Structures are given as structure tokens and as C-alpha cells.
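In this text, all values refer to a predicted model and were calculated from it rather than measured experimentally. Convention: sequence-line order gives letters A, B, ...; per-chain numbering from 1.
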Amino acid sequence: MSPAPIFAIADCNNFYASCERVFQPKLNGKPVVVLSNNDGCVIARSNEAKALGIKMGAPYFKIEQYAKQEGIAVFSSNYALYGDMSQRVMQILASFAPRSEVYSIDECFLDFTGLPQNLTEYSLEVCTVVKQWTGIPISIGIAPTKTLAKLANRLAKNGHSHMGPVLDWRTIADTDAVLKTIALDDLWGISRRWKDKLNQIGIHHALALKQSDPKYLRQHFGVVMERIVTELKGISCIALEEMPTPKKQILTSRSFGERLSDYDDLRAAVTHFATRSAEKCRQQQLTTQVLSVFIHTSPFDTANPQYANSATIEFDRPTSNTSQLIAAAQQGLKRIFRRGFSYQRAGILLPDLWSANVAQISLFDSGESNLRSDQLMTALDDINRKHGKRSIRYASEILSKRWQMRQQFKSPSYTTNIKELLTIQI
DNA sequence: TCTGGGGTCCTAGGACCC
DNA sequence: TCTGGGGTCCTAGGACCC
């Protein structure tokens with residue numbers, strides 16, 4: 001019989017805020033927040049910012065005054081930096097376990113099954129090494145199921161562990177007493193709506209959920225809830241997934257820095273999104289059979305007329321060719337664009353992806369023209385990698401820049417752009 | 001004036017076939 | 001033409017995650 005599984009989840013504390021601090025150590029101990037794209041709302045907060053009452057998702061314009069008054073350091077999001085820091089952290093974490101699963105930009109599941117070490121001490125060492133080598137503080141939760149590991153991690157983060165940033169669920173004397181104190185929406189996979197629905201049938205905390213009948217819950221909530229209950233009981237049914245599963249869809253979309261009503265501005269935006277989508281496809285060695293382009297006005301702008309529409313274009317054969325995606329995107333946009341609206345957002349969705357290797361070749365295709373266009377795309381990607389993103393672009397993308405995001409407080413891309421290296425003055 | 005972006009999974013219901 | 005069951009495929013929408 002194989003040993004009972006042991007999962008750990010390592011989670012970077014306030015990840016985006018911590019990344020910014022690595023390069024500005026004077027911000028240690030100070031409140032820091034990071035804003036979403038377009039500097040719209042708060043998506044990451046240091047502990048000090050949380051203590052000041054800054055809420056996750058708070059619109060920036062509503063807290064701007066307060067932030068200034070309290071001396072909160074504010075950053076636009078810098079995904080080049082966070083992505084690169086994430087890779088460094090993940091690489092270190094993976095070296096501490098036979099198997100690992102990168103779960104999100106700041107979280108990684110580790111398989112600790114059968115390790116001979118004292119797992120609490122071992123995990124404390126992992127935290128120390130990650131902090132020393134990257135500057136990023138992490139917490140680790142350990143348990144027989146992913147759901148309980150996530151919970152243990154949360155408890156450790158909130159200071160409920162005697163071992164600092166690490167909590168092994170199995171060292172807790174009375175786990176049911178702990179579960180009784182846990183709100184339903186503090187569990188992985190349960191959000192406000194389900195919490196309310198569970199409340200309605202008399203389930204008010206994690207212990208009550210654990211003790212309820214999985215089959216009954218399956219009928220009313222589906223198989224996802226059944227799994228959560230089973231995992232709370234300590235029976236693992238959500239496995240570690242080492243191999244990242246190939247993407248099933250690719251979405252590239254943005255809110256604009258300002259409202260747009262001109263066709264040419266939207267065309268430039270949509271061209272950019274199509275270009276990015278094609279690049280993502282090629283990076284992941286995928287091709288797409290279908291492209292869908294959508295535009296809409298702001299749902300918050302109730303004073304003006306609303307409009308939203310999308311158009312879907314099918315290709316003769318699956319492709320990842322930038323020119324083809326742009327052509328389709330512009331064709332679709334022409335179909336759905338209406339004059340007289342203030343557009344807030346547009347995007348490109350590729351909902352039907354194929355592995356580039358198994359892409360079917362249509363009967364009437366000449367193999368040679370495919371090869372030539374593949375070579376052209378490879379050359380394009382190479383040049384842009386070597387000389388910086390966007391060195392070579394399609395003309396219709398650069399006709400307008402008005403759609404671009406507001407990023408008032410963006411830090412340099414210290415680790416990914418040679419021109420933005422950290423400089424130190426002595 | 002100002003409210004993110006990119007995903008996944010599951011389910012229900014309709015269309016269609018045998 | 002009618003009746004009925006069972007299966008598959010597709011899509012839209014709802015729920016969740018970070």
C-alpha cells in the first residue's frame with residue numbers, strides 16, 4: 001500500500017507588494033499597495049496597508065486621499081517583474097520536493113509524501129532559503145489534502161501557528177475545534193454565494209460542512225462541493241497535477257485608459273490584442289480554429305447608452321499566424337462596431353485551441369506557403385525577443401495609442417529589461 | 001473623471017441521431 | 001406519420017480560483 005499523501009502549499013505573502021519591496025527595502029515595515037491594470041483598484045496589500053483598513057478590490061479613486069494622508073506607497077502592477085520573480089521562487093521550491101505543481105503566480109503545491117524529515121522544520125528551512133535567495137517571504141501549510149493544506153497555510157499566515165510561517169495540520173490536537181472557528185468562505189473553493197446558500201440550509205462553519213452528507217451536497221451544489229467535504233474529512237480527492245495542462249482558451253483583453261468612440265482607436269487596440277494572442281499561441285505551441293472579437297461600453301456608465309457585441313470568425317485551418325489573426329479581428333470589429341458609443345473595453349478570445357503539431361492541413365493548402373509563414377513568425381518572435389518587445393509591429397497597431405492603460409505608478413522592470421536595472425548610489 | 005485580467009470546471013438544455 | 005428512449009455533441013451561463 002502506498003503511504004497516505006501529504007501535501008504542502010507554499011504561498012508568497014502579499015506577493016506583488018513583496019516584489020516591489022525587494023527593490024525598495026526602505027518600504028519594509030511601511031504600507032504598500034499594488035493596483036490593477038489601469039490603476040483601477042487595489043489587488044495587493046502589505047500587512048501594514050491591511051492594518052490601515054485598505055480593502056482588497058477597493059477602487060483607487062476612493063482611497064487616493066487616504067493613501068496620501070497615511071503615506072501609503074502605491075504601485076501600478078508590473079507583471080514583467082512579478083512573473084520573473086515568481087519563476088525564481090518556483091524554481092527554488094521545486095528543488096525541495098520530488099514533485100510540485102505551480103498553482104498560480106504566487107502559490108505552489110509540493111508533494112511531501114513519504115519524506116523522512118520533520119516536515120515543520122523542513123518547511124521552515126524552505127522559507128528561509130526562499131527569503132534569502134529572492135527576498136520574498138512565504139508561508140507553508142501542510143496536510144493530508146490540498147483543501148486542508150490551503151487552510152493550514154491561511155492559519156499560519158494569520159499568525160495562528162506556533163511555528164511562525166509554517167503549520168502542519170497533523171500537529172493540531174483538536175482539528176474539529178479549529179474547523180468550528182473557520183468561516184465557510186475562508187475555505188478554498190467556497191465564495192460568498194455558496195456561503196450564503198449553505199447558511200440557508202443550516203451550515204454555518206467548516207466543521208458543520210465537514211460533518212454533512214457529501215451525497216446530499218452533491219445534489220444541491222454539484223461535484224465540486226462534494227470534493228470539498230471529502231477533503232475536509234481528510235480524504236484526498238484533488239490530486240497534484242505536475243504537468244501544466246495545455247490551455248483550452250486564450251483571452252487577451254483590456255479596459256482602455258480613456259473611453260474611445262473612434263473606429264481607428266478600437267482598430268489599433270484590437271490589432272494589438274490579436275498580435276498578443278498570436279504570440280501566446282506560438283509560445284505554447286498552439287493554433288486556433290476560431291477567433292472571437294468583442295467590444296463593450298462601461299457597465300458603470302449608466303448615464304450613457306450601453307452597447308456590447310462580439311463577432312466570431314472561423315479559419316480554414318488552425319493558425320497562429322499574426323497576420324491572419326489581425327485580419328480576422330479587424331473583419332469582426334467592422335461587423336460589430338457602432339458609431340455613437342463610448343467604448344470602455346475590447347478583447348480577443350481564442351476559444352478552440354489545437355496543438356500546433358497535430359493541426360490538420362486542409363486539402364487545398366500548399367505546404368510551402370505554410371512553411372514560409374511559420375518561418376516568418378519565428379523570425380518575428382526572435383527579433384522581438386532579442387531587441388525588446390514590440391520592436392517589430394504591424395502598422396495598424398501603432399496608428400493609435402489612445403487605448404493604452406494608465407500606469408501612473410509603475411516601477412522599473414528591474415529583472416527583465418537591461419535598460420531598467422536597479423542602480424545603487426553609494 | 002476614476003471600478004482588473006485571465007483562466008477553469010460543471011451543469012442544464014437544445015439539437016440531432018439511431 | 002407517430003411514439004419513445006437513449007446517447008452524443010455543443011453552447012451558454014453560473015460558479016469558482018488567483
Side-chain angles (χ1 to χ4, degrees), chain A residues 9-16 33-45 55-65 67 74-79 82-83 86 101-109 146-147 150 153-154 184-198 217-228 237-238 241 244-259 273 276-277 280 284 286 289-290 292 294 296-304 310 312 314 342 344-353 405-409:
Chain A
I9 180 142
D11 188 329
C12 301
N13 302 347
N14 315 325
F15 182 54
Y16 298 167
V33 302
V34 179
L35 304 178
S36 65
N37 281 335
N38 269 317
D39 298 338
C41 54
V42 173
I43 54 169
R45 306 157 295 159
K55 296 273 179 282
M56 190 70 168
Y60 178 60
F61 72 91
K62 285 191 182 166
I63 61 153
E64 190 176 359
Q65 277 312 312
V74 176
F75 292 91
S76 304
S77 34
N78 182 347
Y79 288 103
Y82 311 149
S86 170
E101 170 191 345
V102 176
Y103 175 67
S104 74
I105 194 165
D106 66 340
E107 289 170 274
C108 183
F109 283 106
K146 280 184 165 181
T147 303
K150 286 280 282 187
N153 184 295
R154 188 188 187 93
L184 291 167
D185 53 352
D186 283 344
L187 293 171
W188 187 40
I190 298 187
S191 191
R192 265 295 299 276
R193 273 197 197 82
W194 274 11
K195 177 194 175 181
D196 293 345
K197 214 176 146 191
L198 284 165
L217 287 169
R218 179 178 186 137
Q219 280 174 5
H220 290 78
F221 294 84
V223 66
V224 175
M225 185 67 81
E226 184 188 24
R227 282 192 203 124
I228 294 172
C237 55
I238 305 174
E241 285 171 35
T245 47
K247 289 264 179 291
K248 292 174 182 164
Q249 59 174 49
I250 287 175
L251 174 68
T252 309
S253 96
R254 292 276 179 287
S255 308
F256 308 132
E258 53 181 300
R259 303 278 186 264
F273 301 149
R276 274 301 297 145
S277 302
K280 289 182 192 172
Q284 299 169 45
L286 296 168
Q289 179 76 55
V290 174
S292 167
F294 61 86
H296 61 72
T297 54
S298 168
F300 295 102
D301 186 5
T302 45
N304 288 304
S310 68
T312 300
E314 188 152 352
S342 294
Q344 175 235 8
R345 180 190 184 81
I348 299 286
L349 178 67
L350 310 178
D352 187 15
L353 299 171
M405 297 187 286
R406 278 188 311 273
Q407 291 192 311
Q408 215 184 324
F409 318 105

Base-contact (B) and sugar-phosphate-only (S) positions in nucleotides 11-18 of chain C, heavy-atom cut-off under 4.0 Å, - elsewhere
----SSSS
Given Watson-Crick or G-U pairs with both distances under 3.5 Å, what dot-bracket string fits DNA chain B, with | for other-strand pairs and [ ] for crossing?
....||||||||||||||
Inter-residue atom distance S77(A).OG - Q407(A).CD, 0.5 Å rounding:
6.5 Å
When the distance from CD1 of I43(A) to P of dG5(B) is rounded to whole Å, what number comes out?
10 Å
By side-chain contact (heavy atoms from CB on, under 4.5 Å), which residues pair with Q219(A), not counting sequence neighbours?
none
Give the rounded distance in Å between these two atoms: CG of L353(A) and C1' of dG6(B).
13 Å
Can you measure I348(A) atom CD1 to dG5(B) atom P for me and round it to whole angstrom units?
15 Å
Euclidean distance, Q289(A) CD relative to E314(A) CD, rounded to 0.5 Å
5.0 Å
Just checking R259(A): base, sugar-phosphate only, or nothing, at a heavy-atom cut-off of under 4.0 Å?
sugar-phosphate
Is the backbone N or O of D11(A) less than 3.5 Å from a side-chain atom of D106(A), with the two atoms forming a donor-acceptor pair by type?
no
List, with names and distances, any nitrogen or oxygen atoms from the protein found under 3.5 Å away from nitrogen or oxygen atoms belonging to nucleotides 7-10 of chain B.
from    : atom 1 : to      : atom 2 : distance (Å)
dG7(B)  : OP2    : L251(A) : N      : 2.5
dG7(B)  : OP2    : L251(A) : O      : 3.2
dT8(B)  : OP1    : K248(A) : N      : 3.1
dC9(B)  : OP1    : K248(A) : NZ     : 3.4
dC9(B)  : OP2    : K248(A) : NZ     : 2.8
dC10(B) : OP1    : R227(A) : NH1    : 3.4
dC10(B) : OP1    : R227(A) : NH2    : 3.0

Rounding to an integer number of Å, can you tell me how far M56(A) CE sits from dG5(B) C1'?
13 Å
Could you work out the separation of dC2(B) and dC18(C) based on their P atoms and round it to a whole Å?
30 Å
Find which nucleotide of DNA chain B each of E64(A) and R254(A) is nearest to by heavy atoms, and output the residue with the more 5' nucleotide.
E64(A)
Length of the line joining M405(A):CE and dC2(B):P, which is rounded to integer Å:
18 Å
Separation of atom CZ in F300(A) from atom C1' in dT3(B), rounded to whole Å
4 Å
Nearest heavy atoms of K195(A) and I190(A), plus distance in Å
N-CG2, 4.0 Å
Looking at F300(A), is its backbone amide N or carbonyl O close enough to the side chain of S298(A) to form a donor-acceptor pair, meaning the two atoms are under 3.5 Å apart?
yes
Given atom OH of Y79(A) and atom P of dG5(B), what is their separation to the nearest angstrom?
9 Å
Donor-acceptor contact below 3.5 Å, side chain D39(A) vs main chain Q408(A):
yes
Any chance you could measure L184(A), atom CG, to K197(A), atom NZ, to the nearest 0.5 Å?
13.5 Å
How would you list, by chain and number, every residue that makes a salt bridge (charged side-chain N to carboxylate O under 4.0 Å, His left out) with R193(A), sequence neighbours excluded?
none
Starting at the 5' end of DNA chain B, which residue's closest nucleotide do you reach first, Q219(A) or S253(A)?
S253(A)
Validation: residues 245-258 of chain A side-chain donor-acceptor distances under 3.5 Å, sequence neighbours left out:
from    : atom 1 : to      : atom 2 : distance (Å)
T252(A) : OG1    : S277(A) : OG     : 3.0
T252(A) : OG1    : K280(A) : NZ     : 3.0
S253(A) : OG     : R345(A) : NH2    : 2.7
S255(A) : OG     : R345(A) : NH1    : 3.2
E258(A) : OE1    : R402(A) : NH2    : 3.2

Please state how far atom OH in Y60(A) lies from atom C1' in dT1(B), giving the value in whole angstrom units.
14 Å
Is there a side-chain contact between K150(A) and Y103(A), using heavy atoms and a 4.5 Å cut-off?
yes
With a 3.5 Å distance limit and no angle check, can you tell me whether T147(A) reaches the backbone of I228(A) through a side-chain donor-acceptor pair?
no
